[in-house]
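In this chain, numbering begins with 1 at the start of the sequence shown. Atoms within a ligand are numbered from 1 in the order they appear, just like the ligands themselves.
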Amino acid sequence: MRAFLIVGNKAFTRPFNLNDIPGAGRMDIMCRCVSQALFVSHGIRKDVEVYLFLLGQPDPPKCVLIRGSEVKRLAPDERNIAGHINKALSFDVDENWKEVHSGVYIARKKLEDLLKDLCKEYEVYYMREDGEELSKVTFERPLFVIGDHIGVIKEVEEKILNFAKKIVKVSEISLMAEQCIVIAHYELDKRAKDLKTLKNKDIRLF
Ligand SMILES: C[S@@+](CC[C@H](N)C(=O)[O-])C[C@H]1O[C@@H](n2cnc3c(N)ncnc32)[C@H](O)[C@@H]1O
C-alpha cells in the first residue's frame, strides 16, 4: 500500500462552484493530486489511498479520503474529482469517517489525530525540498505528506514532524505537489518486487 496526504492550506471546507475550482482555495491542486495518485493509463491504482487535509474556510479542518480499491465512477479530470469532493463537503461531519460515495469518505480530524491513526498502518514521510533523496530510501507502506502552493506552514509542519520517519526530497528544485506524487510512484514502481503483481493485482483497468 501507498498513501498520500496533501495539505490544502486554503482549500474550502464547504461546497464550491465547479466552474471555479481554483477559486475554492486552490482546490484544483487537490484534484490534480488525486488524479496523479490514483490513475494510470486506462486504470486505477487499487493499492493507493489519498487523504486531502482541508484547512480553508469556513469550517476547517476536514479530511476527504479516496480509496483506489473501492472508488467508483471517478475520472481523472479535475472537474469530476472536484464533483466528488464537493459532494463530500455537502455532508455533516464528525470525527468518524462517513462514506459519501463508494470509496470516498469525509471526517473532521485534527491533524495529530489523523496522523496518529495513519501511523498504525503507514510509515510517514514528509516531502520537503531539503530532505533525503527519495531514491535512496527504503520504504514499507509509505504515506507521503505534501504541501500545496503555499507549502506547509510552520505550525502544521511541527505536527507532521512528530510523526515523520524521515524528510524526503524528489528533486533539487521545488516542484508542484502532483509532480512529487508522480516521481514517488515512479520510484516505488521501479522497486516493486513483483512487477506482474503490480500490473495485475494492484491496478484495476477500466
Ligand atoms: C509547490 S511546493 C511548495 C512551495 C512553497 N512555496 C514553499 O516554499 O513551501 C508544494 C509541496 O511539494 C513538495 N515538494 C516540492 N518540491 C519538492 C521536492 N523537490 N522534494 C520534495 N518535496 C517537494 C513539498 O511538500 C511542498 O510543500
Report the nearest protein non-hydrogen atom to [atom]: residue, atom name, distance rounded to 0.1 Å.
atom: atom 12 (O) of ligand 1; answer: Ile146 CG2, 3.6 Å
atom: atom 20 (N) of ligand 1; answer: Val170 N, 3.0 Å
atom: atom 16 (N) of ligand 1; answer: Leu175 N, 2.8 Å
atom: atom 11 (C) of ligand 1; answer: Gly147 O, 3.3 Å
atom: atom 9 (O) of ligand 1; answer: Gly151 CA, 3.4 Å

- Message: Among Glu49, Glu140, Arg141, which residue satisfies the side-chain hydrogen bond (donor to acceptor under 3.5 Å, both in side chains) criterion with Tyr122?
- Response: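 Result: among Glu49, Glu140, Arg141, Glu49 is the only option passing the side-chain hydrogen bond (donor to acceptor under 3.5 Å, both in side chains) with Tyr122.
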
- Take every heavy atom of Val168, measure it against each atom of ligand 1, and state whether any distance is under 4.0 Å.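 Per 4.0 Å heavy-atom rule, Val168 contacts ligand 1.
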
- Contact between Asp148 and ligand 1, counting heavy atoms under 4.0 Å?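 Yes, Asp148 has heavy atoms under 4.0 Å from ligand 1.
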
Given that the side chain starts at C-beta and the backbone is N, CA, C, O, which of these parts of [X] lies under 4.0 Å from ligand 1, counting heavy atoms, or is it both or neither?
X: Glu172; answer: neither
X: Gln179; answer: neither
X: Ser171; answer: both

- Task: Kindly indicate, with the supporting measurements, whether the criterion side chain to side chain donor-acceptor pair (under 3.5 Å) is fulfilled by Ser174 and Glu129.
- Result: CA-CA 6 Å; Ser174 187; Glu129 291 84 336; 2.6 Å; yes

- Task: Assign the ring pair Phe144 / Tyr125 to parallel, tilted or perpendicular, where the plane angle (0 to 90°) is split at 30° and 60°.
- Result: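 Because their plane-to-plane angle lies in the 30° to 60° range, the rings of Phe144 and Tyr125 count as tilted.
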
- Message: Counting only nitrogen or oxygen atoms and a 3.5 angstrom limit, does Ala177 reach ligand 1?
- Response: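 N/O-N/O distance below 3.5 Å does not exist for this pair.
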
- Query: Would one find an N or O of Ile173, backbone or side chain, under 3.5 Å from an N or O of ligand 1?
  - Reply: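 Yes; at least one N/O pair falls below 3.5 Å.
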
- Task: Take Asn86 and Arg14, measure what side chain to side chain donor-acceptor pair (under 3.5 Å) needs, and give me the verdict at the end.
- Result: CA-CA 8 Å; Asn86 215 13; Arg14 61 153 167 82; over 6 Å; no

- Does Lys109 pair with Glu95 as a salt bridge, N-O distance under 4.0 Å?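 Between Glu95 and Lys109 there is no salt bridge, as every charged N stays at least 4.0 Å from the carboxylate O atoms.
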
- Message: Donor-acceptor check, side chain of Asp148 to backbone of Asn9, threshold 3.5 angstrom: yes or no?
- Response: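 Yes: the side chain of Asp148 pairs with the backbone of Asn9.
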
- Task: Decide yes or no on ring-ring contact (aromatic ring centres under 6.0 Å, His included) for Phe4 and His185, but give the supporting numbers first.
- Result: CA-CA 11 Å; Phe4 298 91; His185 273 323; 5.1 Å; yes

